[in-house]
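Letters A, B, ... are given to chains in the order of the sequence lines, protein chains preceding strands, and every chain is numbered from 1.
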Amino acid sequence: SAVISQKPSRDICQRGTSLTIQCQVDSQVTMMFWYRQQPGQSLTLIATANQGSEATYESGFVIDKFPISRPNLTFSTLTVSNMSPEDSSIYLCSVERDRGSNEQFFGPGTRLTVL
Amino acid sequence: AQSVTQLGSHVSVSEGALVLLRCNYSSSVPPYLFWYVQYPNQGLQLLLKYTTGATLVKGINGFEAEFKKSETSFHLTKPSAHMSDAAEYFCAVSGPGYNQGGKLIFGQGTELSVKP
């Protein structure tokens, strides 16, 4: 398995502001992902965080709204920009420790509330 | 579009009773299949997975699932429910039919309640 931590664990933010969420893994991993879980719903992939290159975004998600950094093989950040109440969700990072295993381990999530 | 369907958003069982959570997928190519559990205010934990080989897969906490290609199903079962099993359960797929770098596609989730 992999030990994954996220900061902050939760936050309450004002409309129009931005929040950066950090994801730290205890070992080097090839693949890192960011998911969104809206209240009472399932998980939706936002993007794949690529080390050394731009993230790969899923349909419906754009870099201007959700900029992602991946400076090395153990760390990534997701920023939720210009927030609105509709951005209130749990944001989770996950890692595929062994490329090709298709097995992902998830962080504890960041619970975001936008007022 | 490829998808994962979990039948029943809420399932309630009595303690000691059989747990059956249903999952069906759509794919022309057998995918990799996963069940995750999410306890309140926590992240997701992998229960079990199927990639290749034996179609009956055993996971943690006494859960198991069987891959049935003919039915495109991967239902999760546990012979005897425990109060601590109360949680949200997600079926997910990845692999050849879905794979774009290993991403997972999740079902809608099933909330399991266990009555004493």
Side-chain angles (χ1 to χ4, degrees), chain A residues 1-7 9-10 21 23-25 29-51 53-61 70 90-113, chain B residues 1-10 21 23 25 27 29-53 57 59-60 65 67 74 87-111:
Chain A
S1 64
V3 178
I4 306 166
S5 61
Q6 286 185 231
K7 290 182 180 179
S9 59
R10 59 178 63 229
I21 303 168
C23 179
Q24 179 75 53
V25 191
V29 295
T30 304
M31 306 293 288
M32 293 184 76
F33 306 89
W34 285 98
Y35 289 83
R36 180 176 71 181
Q37 186 178 21
Q38 294 177 298
Q41 297 191 29
S42 187
L43 284 79
T44 301
L45 180 66
I46 297 172
T48 302
N50 301 309
Q51 195 269 328
S53 64
E54 193 171 282
T56 304
Y57 289 84
E58 297 300 306
S59 176
F61 298 95
R70 177 90 191 271
I90 300 173
Y91 293 86
L92 301 103
C93 71
S94 74
V95 304
E96 184 184 74
R97 186 166 186 169
D98 300 313
R99 188 177 178 93
S101 71
N102 291 76
E103 183 173 333
Q104 292 186 26
F105 300 95
F106 284 80
T110 296
R111 186 178 296 270
L112 171 62
T113 301
Chain B
Q2 294 146 336
S3 63
V4 179
T5 301
Q6 292 182 236
L7 297 177
S9 58
H10 293 88
L21 305 181
C23 174
Y25 65 90
S27 174
V29 179
Y32 299 151
L33 295 152
F34 306 83
W35 276 99
Y36 285 86
V37 60
Q38 186 178 35
Y39 298 102
N41 300 313
Q42 296 188 31
L44 274 71
Q45 180 180 8
L46 180 66
L47 274 178
L48 49 80
K49 65 177 180 179
Y50 170 80
T51 53
T52 59
V57 181
I60 62 172
F67 169 59
F74 191 57
E88 187 89 16
Y89 291 80
F90 293 96
C91 180
V93 299
S94 183
Y98 296 81
N99 190 34
Q100 292 182 26
K103 71 175 184 179
L104 291 171
I105 297 175
F106 283 86
Q108 304 92 319
T110 298
E111 183 180 358

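Only the side chain of Leu46(B) comes within contact range of chain A, judged by heavy atoms closer than 4.5 Å. In this structure, the portion of Gln38(B) lying under 4.5 Å from any heavy atom of chain A is its side chain and not its backbone. Only the side chain of Leu92(A) comes within contact range of chain B, judged by heavy atoms closer than 4.5 Å.
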Derivation of the side-chain contact (heavy atoms from CB on, under 4.5 Å) call for Gln37(A) and Phe90(B):
CA-CA 12 Å; Gln37(A) 186 178 21; Phe90(B) 293 96; 3.5 Å; yes
Would you please test Leu104(B) and Phe33(A) for side-chain contact (heavy atoms from CB on, under 4.5 Å) and show each step?
CA-CA 10 Å; Leu104(B) 291 171; Phe33(A) 306 89; over 6 Å; no
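The backbone N or O of Gly107(B) lies less than 3.5 Å from a partner atom in the side chain of Ser42(A), making a donor-acceptor pair.
For Trp35(B), there are no side chain to side chain donor-acceptor pair (under 3.5 Å) partners, not counting sequence neighbours.
Residue pairs that meet the salt bridge (charged side-chain N to carboxylate O under 4.0 Å, His left out) test with at least one member in residues 100-110 of chain A, sequence neighbours left out, are Glu103(A)-Lys49(B).
Between chain A and the options Gln108(B), Gln42(B), Glu111(B), the largest number of non-hydrogen pairs under 4.5 Å is found for Gln108(B).
The OH atom of Tyr36(B) sits 5.0 Å away from atom CZ of Phe106(A), with the distance rounded to the nearest 0.5 Å.
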